[in-house]
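Here the structure comes first, spelled out in structure tokens, and everything after it is commentary.
Note that these values count all heavy atoms, side chains included, but never hydrogens, waters or copies made by symmetry.
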Amino acid sequence: MGFAGLATGGEFTLFDSNGKELSKRTYDDATLFGLVATLRF
């Protein structure tokens, strides 16, 4: 079985326990393709 999709762009922000921003990263759209396999013995 296979699949295809789209991961839309966005932003990750990391905060510490006091609410201070530690890091911010943005990411672009990406196309996804994959295969799923099941093996039985």
Side-chain angles (χ1 to χ4, degrees):
M1 174 175 31
F3 63 91
L6 177 69
T8 59
E11 180 178 277
F12 288 113
T13 306
L14 179 64
F15 297 95
D16 67 10
S17 60
N18 296 319
K20 181 181 175 187
E21 184 178 305
L22 298 175
S23 178
K24 183 182 285 188
R25 299 282 188 256
T26 60
Y27 55 95
D28 297 328
D29 295 344
T31 305
L32 305 172
F33 296 98
L35 297 174
V36 178
T38 301
L39 303 175
R40 295 182 185 186
F41 295 94

Determine all donor-acceptor pairs shorter than 3.5 Å in which one atom belongs to a side chain in residues 13-20; sequence neighbours excluded.
from : atom 1 : to  : atom 2 : distance (Å)
D16  : OD1    : N18 : N      : 3.0
D16  : OD1    : G19 : N      : 3.1
D16  : OD1    : K20 : N      : 2.9

Next on the checklist: Once side-chain contact (heavy atoms from CB on, under 4.5 Å) is applied, do any residues pair with D28, and if so which ones, sequence neighbours excluded?
Outcome noted: none
Anything under 3.5 Å between a donor and an acceptor, one on a side chain of residues 31-41, the other on a protein residue two or more places apart or in another chain? List them.
none

